[in-house]
Amino acid sequence: MPPSTQGEAVNTRPLLLMDVDGPLNPWAAKPSRRPEGYLTYRMRPTGWHLPRQKPLRVWLNPAHGARLLNLPFDLVWATTWAHEANEWIGPPLGLPELPCISWPEGLKRASSPYWKPAPAVFWKTRTIVDYVAGRPFAWIDDDVTDLDREYVALHHDGPALLHHVDPRLGLLPADFETLTEWANSLTTKTDECHIVRPNEAE
């Protein structure tokens with residue numbers, strides 16, 4: 001379920017569902033060319049804990065944390081890092097502990113650059129639609145396609161933005177601008193719905 005709100009007030013802010021690998025960690029960039037503004041972190045999340053195993057290299061841009069927090073969204077992890085995103089990814093970015101989507105058992109949780117499946121709805125998409133439960137949301141991921149947009153249009157009752165991020169580049173200023181403009185457009189539409197002209201009032 002989406003994060004609850006304090007008291008009885010209904011939170012009308014949209015959700016921002018965040019993948020890690022791709023948007024925040026541009027894993028597909030050339031190993032010899034770390035993107036500008038990023039720092040290298042060596043991490044040992046689940047699956048990377050064996051003593052002789054090299055830690056996982058992750059590139060993160062510390063400036064992204066403040067930019068994400070300044071967006072007009074409620075942030076949610078939507079990543080295979082699951083709850084470990086709060087342990088390994090959030091702190092370097094200066095993010096607080098965030099809600100995290102739990103993926104049902106049996107779904108494909110990993111991908112490989114050498115494995116190219118036939119076009120299909122991404123395995124995360126159905127769970128995400130169930131999680132948001134009609135609430136407006138944007139989703140940043142390097143795996144979303146038009147098939148996912150079509151699925152969301154058919155099964156989600158509220159506004160949605162499925163925004164693809166190039167995993168070679170990670171989040172760029174233009175991505176933050178797109179997210180902000182989309183969220184602000186929701187506010188504008190809501191305000192317009194509450195305008196009552198004098199000659200229309202009973």
Side-chain angles (χ1 to χ4, degrees), residues 1-3 15-69 71 73-117 121-132 137-145 148 162-172 175-176 179:
M1 296 295 291
L15 300 171
L16 177 58
L17 310 182
M18 305 183 299
D19 186 24
V20 168
D21 296 318
L24 297 177
N25 171 32
W27 61 269
K30 291 183 178 180
S32 60
R33 294 187 180 181
R34 183 178 64 191
E36 184 178 356
Y38 285 79
L39 300 178
T40 300
Y41 297 85
R42 304 291 178 181
M43 302 183 178
R44 289 194 179 277
T46 298
W48 296 83
H49 59 282
L50 297 178
R52 295 185 180 180
Q53 185 178 26
K54 290 184 179 180
L56 175 65
R57 186 209 69 197
V58 177
W59 284 334
L60 297 174
N61 186 332
H64 283 167
R67 296 206 67 175
L68 289 167
L69 290 172
L71 291 173
F73 290 88
D74 291 336
L75 308 181
V76 178
W77 294 119
T79 169
T80 54
W81 286 74
H83 66 278
E84 290 187 275
N86 282 319
E87 178 181 355
W88 295 100
I89 305 301
L93 298 179
L95 294 175
E97 185 167 340
L98 299 174
C100 175
I101 296 179
S102 297
W103 310 111
E105 294 295 330
L107 292 180
K108 182 173 180 60
R109 297 191 178 188
S111 59
S112 165
Y114 308 105
W115 182 74
K116 300 295 182 183
V121 174
F122 188 31
W123 61 264
K124 290 182 179 178
T125 306
R126 295 175 179 84
T127 302
I128 281 175
V129 169
D130 291 342
Y131 178 87
V132 300
F137 76 97
W139 172 20
I140 53 174
D141 203 299
D142 61 324
D143 281 308
V144 295
T145 68
D148 303 294
L162 276 64
H163 185 68
H164 179 269
V165 177
D166 190 330
R168 298 168 299 177
L169 303 175
L171 284 170
L172 298 173
D175 297 310
F176 286 98
L179 292 167

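Please read these numbers as outputs of a predicted model, since none were measured by experiment.
- The environment of Arg34 atom CZ is dense: over 12 non-hydrogen atoms of other residues, nucleotides or ligands sit within 6.0 angstrom.
- Counting only heavy atoms from C-beta outward, the side chains of Pro99 and Tyr131 approach each other to under 4.5 Å.
- In terms of heavy atoms, Ala78 sits closest to Ile128 at CB-CD1, 4.4 Å.
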| message | Checking Trp77 against Ile101 for the side-chain contact (heavy atoms from CB on, under 4.5 Å) test, could you report, in this order, the C-alpha distance in whole Å, the side-chain angles of both residues, the deciding distance, and whether it holds? | response | CA-CA 6 Å; Trp77 294 119; Ile101 296 179; over 6 Å; no

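- Asp142 contributes atom CG, which lies 10.5 Å from atom CG of Leu24 (distance to the nearest 0.5 angstrom).
- No donor-acceptor distance shorter than 3.5 angstrom exists from the side chain of Asn25 to the backbone of Leu60, with no hydrogens or angles considered.
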| message | Before you tell me yes or no, could you show the steps for Phe73 and Met18 under side-chain contact (heavy atoms from CB on, under 4.5 Å), namely the whole-Å CA-CA distance, both residues' side-chain angles and the distance that decides it to 0.1 Å? | response | CA-CA 11 Å; Phe73 290 88; Met18 305 183 299; over 6 Å; no

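- Atom CG of Asp166 is separated from atom CG of Leu172 by 8.0 Å, given to the nearest 0.5 angstrom.
- Of all the heavy atoms in Gly170 and Pro26, the pair that sits closest is N-CB, 3.7 Å.
- Taken to the nearest 0.5 Å, the CG atom of Leu98 stands 7.5 Å off from the CG atom of Leu69.
- One finds the CG atom of Leu171 at 4.5 Å from the CD1 atom of Ile140 (value rounded to the nearest 0.5 Å).
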| query | Yes or no on side-chain contact (heavy atoms from CB on, under 4.5 Å) for Val58 and Trp88, after CA distance, side-chain angles and deciding distance? | reply | CA-CA 10 Å; Val58 177; Trp88 295 100; over 6 Å; no

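- Side-chain atoms of Pro104 and Arg126, non-hydrogen and from C-beta on, never get closer than 4.5 Å to each other.
- With contacts defined as side-chain heavy-atom distances shorter than 4.5 Å, the pair His163/Val144 does not qualify.
- Separating the CG atom in Asp175 from the CG atom in Leu71 is a distance of 10.5 Å, to the nearest 0.5 Å.
- Using a 4.5 Å cut-off on side-chain heavy atoms (C-beta onward), Phe137 and Leu162 make contact.
- Side chains of Asp148 and Thr145: a donor on one and an acceptor on the other come within 3.5 Å.
- Counting heavy atoms from C-beta on, the side chains of Tyr41 and Leu39 come closer than 4.5 Å.
- Taking every heavy atom of both residues into account, Pro91 and Ala85 meet most closely at CD-O, 4.4 Å.
- When each of Trp59, Trp81, Trp27 is tested with Asp21 by the rule side-chain hydrogen bond (donor to acceptor under 3.5 Å, both in side chains), just one qualifies, namely Trp81.
- The aromatic rings of Phe122 and Trp139 sit parallel to each other, their planes meeting at less than 30°, with 60° as the upper class boundary.
- Interatomic distance, CG of Leu75 versus SG of Cys100, reported as 13.0 Å (0.5 Å rounding).
- For the pair Lys124 and Asp19, the salt-bridge criterion is met [side-chain N within less than 4.0 Å of a carboxylate O].
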| Going through the distances and angles, do Thr79 and Trp103 end up as a side-chain contact (heavy atoms from CB on, under 4.5 Å)? | CA-CA 9 Å; Thr79 169; Trp103 310 111; 5.8 Å; no

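- Other residues, nucleotides and ligands place more than 12 heavy atoms under 6.0 Å from the CD atom of Glu87.
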